[in-house]
Asker: 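Have a look at this one.
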Protein chains: 2
Amino acid sequence: MSEALNTLTKNQQTVLDILESAKEPLKAYAILFDTQKKGIKAPLQVYRALDKLIEIGKVHKIESKNSYIACKHKSCDAGTSTSFLICEMCDLVTELKKNVSSYFSKQSAEVNFSYSKHNLEIYGICSNCKRNN
Amino acid sequence: MSEALNTLTKNQQTVLDILESAKEPLKAYAILFDTQKKGIKAPLQVYRALDKLIEIGKVHKIESKNSYIACKHKSCDAGTSTSFLICEMCDLVTELKKNVSSYFSKQSAEVNFSYSKHNLEIYGICSNCKRNN
DNA sequence: AACGTAATGTTATAATATAACATATTTTAA
DNA sequence: TTAAAATATGTTATATTATAACATTACGTT
């Protein structure tokens with residue numbers, strides 16, 4: 001009876017809650033700071049929770065920012081491929097919904113490379129900032 | 001007479017030499033270790049050289065690996081957009097030559113986001129490793 | 001030559017992440 | 001239902017990656 005599939009532990013839930021209520025990606029030590037009132041005391045507790053959340057696809061890491069963001073999609077179960085739009089003005093990060101994996105798979109195949117997953121970080125100006133500037 | 005355009009300083013050249021002769025991306029402290037015989041003594045000297053080399057497009061950073069790689073292209077002057085194929089078996093990293101910026105620009109425009117630059121890291125299996133396994 | 005800019009050298013420290021180990025909790029399966 | 005296995009926790013210490021601050025030096029421009 002593996003109902004453990006979707007069951008998060010206390011620390012994992014605590015970290016996920018913080019990320020889901022955050023408007024921007026958070027850094028690990030910012031998460032630590034925010035969760036200290038909830039019993040998390042050491043960096044490792046945060047990193048371990050993040051590792052698990054990333055593994056099950058609930059959280060993604062923005063590599064170029066060393067930051068973490070909760071996934072808003074229904075099923076990023078794989079916890080693998082990610083595509084982000086990052087606003088250079090307001091730091092807003094949104095996940096690109098459109099599936100671009102097949103495109104990358106084709107591009108890779110052209111040079112005889114077997115695509116497995118990807119991380120894409122697109123920088124630019126979001127619609128909000130365009131309007132206000 | 002601004003011939004300084006392509007003139008690298010001693011530290012910059014030292015760091016670039018190491019990266020160009022490396023077969024894989026190198027981490028900053030690995031570069032430091034390798035360049036100590038050439039007079040570079042502190043991390044900051046490496047990071048400053050890297051910053052400049054990245055700025056002028058001679059070097060790229062692989063964000064998901066905290067590693068640096070010399071650019072093999074003629075003109076990555078911009079030092080902005082990068083696309084890599086990273087082998088999960090042998091860690092070989094190659095730059096995707098085909099220009100994918102226009103594709104991203106279109107994808108971004110669909111959600112009213114002004115594309116400026118990107119970083120793409122594709123993981124998979126390189127042709128060599130496919131053949132040998 | 002004198003000024004402004006960029007690069008250097010050096011020490012210290014900040015920010016990000018993992019190792020190691022003891023303990024506790026949960027899951028699985030005999 | 002309980003013992004073994006697997007997973008998560010708590011804690012301290014430390015490794016890894018990167019920047020701050022400041023004094024000095026080299027270099028291009030006028």
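Treat the numbers as computed from the prediction; the structure is a model and nothing was measured. In what follows, chains carry the letters A, B, and so on, assigned in the order in which the sequence lines appear, proteins first and then strands, with residues in each chain numbered from 1.
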Asker: Starting at CG of A:Asn11 and ending at C1' of C:dT26, how long is that distance when rounded to a whole Å?
Answerer: 15 Å
Asker: Using atom CG of B:Leu32 as one end and atom P of D:dT17 as the other, report the distance to the nearest whole Å.
Answerer: 12 Å
Asker: Let me test you: for the helix from C:dA1-D:dT30 to C:dA30-D:dT1, what is the angle between the axes at its two ends (five pairs each), rounded to 10 degrees?
Answerer: 40°
Asker: On the nucleotide C:dA15, are OP1 or OP2 found under 4.0 Å from the side-chain N or O atoms that B:Tyr47 carries?
Answerer: no
Asker: So, does A:Thr9 get its side chain near the phosphate of D:dT9, meaning an N or O under 4.0 Å from OP1 or OP2?
Answerer: yes
Asker: Categorize A:Lys61 for me: base, sugar-phosphate, or nothing, with a 4.0 angstrom heavy-atom threshold over every strand shown.
Answerer: sugar-phosphate
Asker: Quick one, B:Asp17 with B:Lys38, criterion salt bridge (Lys or Arg N to Asp or Glu O under 4.0 Å). Give me CA distance, side-chain angles, the key distance, then yes/no.
Answerer: CA-CA 11 Å; B:Asp17 287 346; B:Lys38 301 222 174 166; 5.2 Å; no
Asker: Using a 4.0 Å cut-off on heavy atoms, which residues in residues 34-43 of chain B reach DNA chain C? List them by number, or say none.
Answerer: B:Lys41, B:Ala42
Asker: Is there a donor and acceptor pair, one atom on the side chain of A:Tyr29 and one on the base of C:dA17, closer than 3.5 Å?
Answerer: yes
Asker: For the pair made of OH in A:Tyr68 and P in C:dA15, what is the distance, rounded to whole Å?
Answerer: 16 Å
Asker: Are any of B:Gln45's side-chain N or O atoms less than 4.0 Å away from OP1 or OP2 of C:dT8?
Answerer: no
Asker: Does the side chain of A:Gln12 get closer than 4.0 angstrom to OP1 or OP2 of D:dA8 through an N or O atom?
Answerer: yes
Asker: Is the shortest side-chain N/O distance from B:Lys10 to OP1 or OP2 of C:dT8 below 4.0 Å?
Answerer: no
Asker: What distance do A:Lys61 atom NZ and A:Ile54 atom CD1 have between them, rounded to the nearest 0.5 Å?
Answerer: 7.0 Å
Asker: What's the closest nucleotide to the side chain of B:Ala28 if the choices are C:dT8, D:dA18, D:dA8?
Answerer: D:dA18
Asker: Under 3.5 Å, side chain of B:Ser81 to main-chain N/O of B:His118, donor-acceptor pair present?
Answerer: yes
Asker: In whole Å, I'd like the distance from the NZ atom of B:Lys52 to the C1' atom of C:dT8.
Answerer: 14 Å
Asker: Might you point out which heavy atoms bring A:Ala28 and A:Val46 nearest each other, and give the distance in Å?
Answerer: O-CG1, 3.8 Å
Asker: Indicate yes or no for a side-chain donor-acceptor contact from B:Glu95 to the backbone of B:Thr82 under 3.5 Å, with no hydrogens or angles considered.
Answerer: no
Asker: Quick one, A:Val15 and A:Tyr68 - any side-chain contact, counting heavy atoms below 4.5 Å?
Answerer: no
Asker: Any chance you could measure A:Leu26, atom CG, to A:Asp34, atom CG, to the nearest 0.5 Å?
Answerer: 6.5 Å
Asker: Would you kindly give the CG-to-P distance between B:Asp51 and C:dT8, to the nearest whole Å?
Answerer: 12 Å
Asker: Side-chain N or O of A:Lys27 versus OP1/OP2 of C:dA15: is the shortest distance under 4.0 Å?
Answerer: no
Asker: Give, for atom CG of A:Leu85 and atom OG1 of A:Thr94, the distance between the pair rounded to the nearest 0.5 Å.
Answerer: 4.0 Å
Asker: Over how many whole Å does the gap from B:Asn66 atom CG to D:dA15 atom P extend?
Answerer: 18 Å
Asker: Is the side chain of B:Gln13 donor-acceptor paired with the backbone N or O of B:Thr9 at a distance under 3.5 Å, no angle test?
Answerer: no
Asker: Side chains of B:Asn66 and B:Lys27: donor-acceptor distance under 3.5 Å anywhere?
Answerer: no
Asker: Calculate the interatomic distance between B:Leu44 atom CG and C:dG9 atom P; express it in whole Å.
Answerer: 11 Å
Asker: Starting at CG of A:Leu8 and ending at C1' of C:dT26, how long is that distance when rounded to a whole Å?
Answerer: 15 Å
